[in-house]
Amino acid sequence: KFLAVGTRVRVVEPMDVPEYSSWDDDHGRMSASLKKRLQALFFRGDKKLAAEIVYVSKESEQERLRRKGLIKVRVRDKAGCILVLTADPKTLVSCH
């Protein structure tokens, strides 16, 4: 399934947070509990969150994600908190 960089996405079916999903290090800008909450809300299909596909610039990271069949998604809530996490493109659908 192809999803271009910048495509706004949402989860097809609400689910628990998958084991493979992790978030990028933000150097302590947000607490771990807030990151876990945003991650859980995204995979539950919360309509208040905006999510889009992110471009990965490091070739080594691109290859690692490609082997695992994952992509990076930037999740933003109404308060402006941003979290970049990994997701399976098969569980996502673009929203217009």
Side-chain angles (χ1 to χ4, degrees):
K1 185 173 188 179
F2 179 76
L3 293 168
V5 173
T7 304
R8 296 177 76 72
V9 294
R10 63 179 170 79
V11 177
V12 176
E13 269 186 44
M15 65 177 94
D16 291 333
V17 176
E19 292 177 15
Y20 59 77
S21 183
S22 62
W23 55 71
D24 285 358
D25 182 22
D26 65 349
H27 305 291
R29 289 188 189 104
M30 285 193 313
S31 67
S33 61
L34 180 57
K35 291 176 195 176
K36 287 178 185 175
R37 187 178 66 80
L38 281 176
Q39 186 180 34
L41 287 173
F42 172 71
F43 283 107
R44 278 193 233 133
D46 193 324
K47 303 268 190 227
K48 296 175 188 165
L49 296 178
E52 65 182 22
I53 305 298
V54 177
Y55 177 72
V56 178
S57 59
K58 284 177 136 180
E59 286 186 30
S60 59
E61 189 173 3
Q62 284 178 359
E63 186 59 35
R64 182 181 60 81
L65 289 170
R66 189 175 305 126
R67 276 193 311 258
K68 292 181 178 181
L70 302 174
I71 56 175
K72 294 271 185 169
V73 178
R74 180 184 300 130
V75 178
R76 178 181 293 131
D77 71 354
K78 297 284 185 186
C81 296
I82 298 173
L83 179 66
V84 177
L85 52 92
T86 56
D88 187 347
K90 291 178 251 172
T91 63
L92 303 176
V93 65
S94 67
C95 49
H96 298 33

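- Linking ILVMFWY side-chain heavy atoms closer than 4.5 Å, directly or via other members, places V17 and L65 in two distinct hydrophobic clusters.
- Cluster annotation: L70 and V84 are assigned to distinct hydrophobic clusters (Ile/Leu/Val/Met/Phe/Trp/Tyr, side-chain heavy-atom contacts under 4.5 Å, transitive).
- When the side chains of ILVMFWY residues are joined at heavy-atom separations under 4.5 Å, either directly or via intervening members, V93 and V5 end up in two distinct hydrophobic clusters.
- You'll find the side chain of R64 stays beyond 4.5 Å of the side chain of V56, heavy atoms only.
- In terms of heavy-atom proximity, S22 sits nearest to Q39 at N-NE2, 4.0 Å.
- Both M15 and L85 are assigned to one and the same hydrophobic cluster, defined by single-linkage of ILVMFWY side chains at heavy-atom distances under 4.5 Å.
- Looking only at side-chain heavy atoms (C-beta outward), K68 and T86 stay at 4.5 Å or farther from each other.
- Residues F43 and D16 approach most closely at CB-O, 4.3 Å, considering heavy atoms.
- Shown here for P89 and G69, the closest heavy-atom pair between the two residues is CD-O, 3.2 Å.
- Shown here for I53 and A4, the closest heavy-atom pair between the two residues is CB-O, 3.5 Å.
- With a 4.5 Å cut-off on side-chain heavy atoms, R44 and D46 do not count as touching.
- Here the CD1-CE distance, from I82 to M30, works out to 8.5 Å after rounding to the nearest 0.5 Å.
- Nearest heavy atom pair, residue F42 against residue A51, reads CE1-CB, 3.5 Å.
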Next item on the list: Begin from the C-alpha positions of E63 and E59 and carry the test side chain to side chain contact (heavy atoms under 4.5 Å, CB included) through to its verdict.
Entry: CA-CA 6 Å; E63 186 59 35; E59 286 186 30; over 6 Å; no
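- Between the side chain of T91 and the backbone N or O of D88, at least one donor-acceptor pair lies under 3.5 Å.
- Using modelled atom types, no side-chain atom of S94 and backbone atom of V9 make a donor-acceptor pair closer than 3.5 Å.
- Between the side chain of E52 and the main chain of R74, no donor-acceptor pair closer than 3.5 Å is present.
- Between the CG atom in L83 and the CG atom in D26 there is a gap of 7.5 Å [rounded to 0.5 Å].
- Each of K72, R66, R67 was checked for a salt bridge (charged side-chain N to carboxylate O under 4.0 Å, His left out) with E61, and the lone residue meeting it is K72.
- L38 and V54 are assigned to two separate hydrophobic clusters, defined by single-linkage of ILVMFWY side chains at heavy-atom distances under 4.5 Å.
- In this structure the side chain of L92 never reaches within 4.5 angstrom of the side chain of T7, judged on heavy atoms.
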